[in-house]
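Following: one structure in structure tokens, then a few remarks.
Order of the sequence lines fixes the chain letters, A, B, ..., with proteins taken first and strands second; residue numbering starts at 1 for each chain. Note that these values count all heavy atoms, side chains included, but never hydrogens, waters or copies made by symmetry. It should be emphasised that the depicted structure is a prediction, and the values quoted were computed from it without experimental measurement.
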2 protein chains.
Amino acid sequence: MTETVPRPTLEAVAALAGVSRATASRVVNGGDGVREPLVERVRRAVEELGYVPNQAARSLVTRRHDAVAVVVAEPETRVFADPFFALQLRGISKELTAHDNQLVLLLTEGRDDHARVGRYLAGGHVDGALVFSLHLDDPLPGLIRRAGVPTVFGGRPGWNDGERGDVVYVDSDNRGGARDAVRHLVGLGRGRVAHITGPLDQTSAADRLDGYRDVMADADPRLIVPGDFTPAGGERAMRTLLDHCPDVDAVFAANDLTAAGALRVLREQGRRVPDDVAVIGFDDMLPVAEQTDPPLTTVRQDIEGMGGLMARLLLRGHGDRVTAQAAGEVAGAGAAEEAGGGPSGVVLPTTLVRRASA
Amino acid sequence: MTETVPRPTLEAVAALAGVSRATASRVVNGGDGVREPLVERVRRAVEELGYVPNQAARSLVTRRHDAVAVVVAEPETRVFADPFFALQLRGISKELTAHDNQLVLLLTEGRDDHARVGRYLAGGHVDGALVFSLHLDDPLPGLIRRAGVPTVFGGRPGWNDGERGDVVYVDSDNRGGARDAVRHLVGLGRGRVAHITGPLDQTSAADRLDGYRDVMADADPRLIVPGDFTPAGGERAMRTLLDHCPDVDAVFAANDLTAAGALRVLREQGRRVPDDVAVIGFDDMLPVAEQTDPPLTTVRQDIEGMGGLMARLLLRGHGDRVTAQAAGEVAGAGAAEEAGGGPSGVVLPTTLVRRASA
DNA sequence: TTGAAAGCGCTAACAT
DNA sequence: ATGTTAGCGCTTTCAA
């Protein structure tokens with residue numbers, strides 16, 4: 001990996017253009033306060049030599065890196081099962097690219113890796129971090145806080161508010177979306193609306209359950225069955241449901257994958273969808289929701305948009321800590337900002353997408 | 001993103017330990033040639049101050065970055081549809097982490113981005129690159145070659161050999177795997193074995209088709225139907241197949257997703273699997289292959305292993321260009337090395353996994 | 001074995 | 001508006 005041909009330095013550019021290194025630097029960094037003829041000459045020299053600034057040298061003096069870490073905890077879980085993560089990554093990448101920032105990906109597998117990530121973030125290699133997939137007891141937030149790196153979390157963090165409140169996150173309106181879904185089911189005249197939950201140690205799953213409860217305040221507890229965001233979990237849950245409550249006439253599944261599993265069992269058991277049982281999912285994961293039989297009515301969230309927003313929030317916090325106020329400003333219309341103490345975040349709206357299953 | 005507390009420098013460590021900066025540096029970098037008592041003192045000082053080396057300063061002098069770029073072209077395509085990409089990424093990440101390298105992710109969306117990637121790679125920000133998802137006419141290889149960055153490609157590149165042969169890639173034995181699958185079908189006594197292809201501008205799809213042809217040299221051409229690696233494509237193809245060749249009794253699908261689509265149509269049309277029609281997929285994408293009805297017999301490839309191998313190949317090329325020879329050595333048992341001119345690569349073996357569909 | 005000193009390539013005061 | 005100069009924090013000769 002040796003550099004075969006030594007790359008040209010600013011010095012070389014300056015020499016060729018017949019100016020000082022300082023002037024050459026100014027031109028390379030935008031050219032403010034340099035007169036046109038010189039700018040032109042430097043530009044030409046840059047072109048001719050194929051000059052590319054040495055980022056290491058630049059960082060050494062500016063103490064900036066134009067790089068952001070994306071930390072994904074426990075990729076074994078959900079991350080690799082559905083395209084969720086990939087879509088967020090795409091949103092992030094687009095935004096970072098637009099601002100000339102690099103994306104440093106940090107995947108962690110269990111506890112040991114957390115220390116490594118902490119060290120890396122503390123090492124001042126990046127200007128900020130985007131952090132995903134935190135569970136309730138995750139030690140990462142603490143490490144990150146100590147590292148002193150500006151951070152935006154993906155999804156509402158689940159830890160206690162004891163951690164003090166200057167935590168910024170971006171999330172979908174899981175609770176509101178769930179409410180919409182369940183209301184739709186009720187509006188269809190369904191009286192026995194069940195819910196297959198996600199893993200409740202993730203806030204997204206917990207929030208969706210809360211949304212269900214908002215509408216079905218006094219539902220039969222047997223109508224709430226645990227799932228795990230996978231099709232297999234959805235199948236299991238649906239079997240349990242059919243067993244305990246054969247009169248169920250609607251199911252709100254915590255995500256599309258779960259709904260897909262439930263649909264399979266319903267068909268297998270000869271229940272017609274939506275005639276006998278109406279089904280709604282969550283996510284609007286296209287490859288899933290459009291492929292099911294029948295196509296899935298579901299709650300859409302703008303996953304790619306979430307990623308982009310996270311990046312924007314982080315970048316705009318430049319030179320400062322990322323604050324909830326800034327978050328609100330950047331998020332713009334459609335997003336709701338949480339009030340009061342505790343973690344503060346930007347919550348993106350969801351929309352119900354009607355297909356054939358409900 | 002201001003540095004609130006100035007991080008301790010090597011200077012500070014040296015001072016606290018009562019040694020010169022040079023000695024402190026030696027200890028931090030392994031401690032060779034420094035006597036034990038001093039090593040100990042420096043270590044303690046590092047600990048006490050929470051010293052972390054400034055990577056920018058280090059890179060400036062060493063001209064190394066301990067960072068590798070992962071370039072993924074056209075994420076809109078396959079990349080986000082199945083967990084393939086995520087698994088490779090995981091394999092890469094593990095390997096890089098084990099060697100204290102960082103992973104810089106470069107996602108591209110179309111032509112404009114290629115220039116950006118080229119510039120980045122040419123900028124000497126990373127020690128090497130891992131490149132994925134190249135299509136036949138991709139301009140990226142040229143840019144990369146010019147950038148002079150050591151590179152390993154994921155999957156056999158499809159461009160002409162005119163580009164000269166010192167290209168290293170890692171791939172699965174797509175052709176051999178396909179042969180195994182089709183032979184298995186034939187061994188089951190099936191005489192009308194069809195193939196639903198992938199997008200043939202990707203070498204993986206082309207190679208699988210070649211493997212099919214190796215066994216079914218004089219098959220009815222109508223038994224070969226184009227697909228696109230998606231379930232929808234698989235459905236379409238299966239319908240066409242049933243239309244044109246109602247007597248088909250086996251299908252080798254180019255990947256599991258395609259097979260899943262085909263299975264759906266078969267069930268819908270009342271054909272029993274595997275009794276009437278046997279089906280084999282490719283990939284052994286667990287969440288897909290185990291969830292289908294019936295569970296899918298398929299060709300397994302070690303996706304995560306491919307990623308890891310790519311990273312190992314690149315890292316071991318350290319200080320030198322990555323060569324096919326090195327590739328062979330690193331790959332070890334089970335891998336076949338391509339001989340002769342043209343792109344040279346390491347080909348990982350596949351295995352047939354029998355489930356219920358064939 | 002250890003230390004002194006010379007840069008790596010760049011930006012940012014400060015002078016002019 | 002442009003040039004001069006002093007580092008940024010580190011590794012690496014070279015001397016001792």
Side-chain angles (χ1 to χ4, degrees), chain A residues 1-3 5-43 45-46 49-67 100 122-125 127 319, chain B residues 1-3 5-43 45-46 49-67 100 122-125 127 319:
Chain A
M1 312 208 177
T2 315
E3 211 66 17
V5 182
R7 285 144 30 63
T9 70
L10 234 207
E11 187 75 56
V13 171
L16 180 57
V19 301
S20 75
R21 209 171 56 215
T23 296
S25 172
R26 290 182 186 112
V27 173
V28 169
N29 292 286
D32 298 1
V34 179
R35 261 200 272 271
E36 196 38 56
L38 287 197
V39 172
E40 197 42 46
R41 262 159 55 197
V42 173
R43 291 250 158 83
V46 165
L49 296 174
Y51 169 78
V52 183
N54 180 319
Q55 185 61 44
R58 183 181 272 173
S59 290
L60 189 52
V61 30
T62 62
R63 285 144 184 301
R64 297 195 11 213
H65 306 266
D66 297 318
D100 266 305
H125 303 293
D127 301 324
Chain B
M1 312 205 175
T2 314
E3 211 66 15
V5 182
R7 284 145 29 67
T9 69
L10 234 209
E11 187 75 57
V13 172
L16 180 58
V19 300
S20 74
R21 209 169 55 214
T23 296
S25 172
R26 290 180 187 116
V27 173
V28 168
N29 292 287
D32 298 0
V34 179
R35 260 199 271 273
E36 195 39 56
L38 287 198
V39 172
E40 197 44 45
R41 261 156 60 196
V42 173
R43 290 251 158 84
V46 165
L49 296 174
Y51 170 76
V52 182
N54 179 319
Q55 186 61 44
R58 181 179 275 173
S59 291
L60 188 52
V61 28
T62 61
R63 288 142 183 300
R64 294 191 12 208
H65 301 85
D66 297 320
D100 266 305
H125 303 294
D127 301 323

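Between C:dT11 and A:R58, a contact under 4.0 Å exists linking OP1 or OP2 to a side-chain N or O. The phosphate of C:dG3 (OP1 or OP2) has a side-chain N or O of B:S20 nearer than 4.0 angstrom. Residue B:S25 places at least one side-chain N or O closer than 4.0 Å to OP1 or OP2 of D:dT11. Contact annotation: A:T23 reaches the phosphate of D:dG3 (side-chain N/O to OP1 or OP2, under 4.0 Å). Distances shorter than 4.0 Å separate some side-chain N or O of B:N29 from OP1 or OP2 on D:dT11.
The two residues B:E11 and B:R21 make their nearest non-hydrogen contact at OE1-NH1, 2.9 Å. Between B:A56 and A:L60, the closest heavy-atom pair is CB-N, 4.0 Å. What you find for A:D66 and A:Q55 is that their closest heavy atoms are OD2-NE2, 4.2 Å. Closest of all the heavy-atom pairs between A:G30 and A:R43 is O-NH2, 4.2 Å.
Remark: C1' of D:dC8 and CG of A:N54 are 13 Å apart, rounded to the nearest angstrom. As rounded to whole Å, 11 Å separates atom P of C:dG9 from atom NE2 of B:H65. One interatomic measurement links the two molecules: CZ of A:R21 to P of D:dA1, which rounds to 21 Å at whole-angstrom precision. Look at CG on B:D32: it is 10 Å from P on C:dT1, rounded to the nearest Å. As rounded to whole Å, 16 Å separates atom P of C:dC10 from atom CZ of A:R64. Taking atom CG of B:L60 as the reference point, atom P of D:dC10 lies 12 Å away to the nearest angstrom. Between the CD atom of A:Q55 and the C1' atom of C:dC8 there is a distance of 15 Å, given to the nearest Å. One can place CD of B:E36 at 15 Å from C1' of C:dT2, the figure rounded to the nearest angstrom.
Residue-to-nucleotide proximity on DNA chain D shows that, of B:Y51 and A:R35, the 5′-proximal contact is made by A:R35. Mapped onto DNA chain C by nearest heavy atom, B:V61 and B:A24 fall at different nucleotides, with B:A24 at the one closer to the 5' end.
Of the candidates D:dC10, D:dG3, C:dG3, the closest approach to any side-chain atom of B:V19 belongs to C:dG3.
Between A:L38 and A:V27 there is no side-chain heavy-atom pair separated by less than 4.5 Å.
Here the rule is side-chain contact (heavy atoms from CB on, under 4.5 Å) with B:V13, and of B:T23, B:V28, B:V46 only B:V46 fits it.
You won't find any donor-acceptor pair under 3.5 Å spanning the side chain of A:R26 and the base of C:dT11, going by distance alone. Residue A:R63 places no side-chain atom within donor-acceptor reach of the base of D:dG9, judged by atom type and a 3.5 Å distance cut-off alone.
Counting any heavy atom pair closer than 4.0 Å across all strands shown, B:V28 reaches no nucleic acid atom.
With the end axes of the helix from C:dT1-D:dA16 to C:dT16-D:dA1 each set by five pairs, the angle from one to the other reads 40° at 10° resolution.
Of the possible donor and acceptor atoms, one in the side chain of A:D127 sits under 3.5 Å from a partner among the backbone N and O of A:H65. In terms of modelled atom types and a separation under 3.5 Å, the side chain of A:R7 and the main chain of B:G123 share a donor-acceptor contact.
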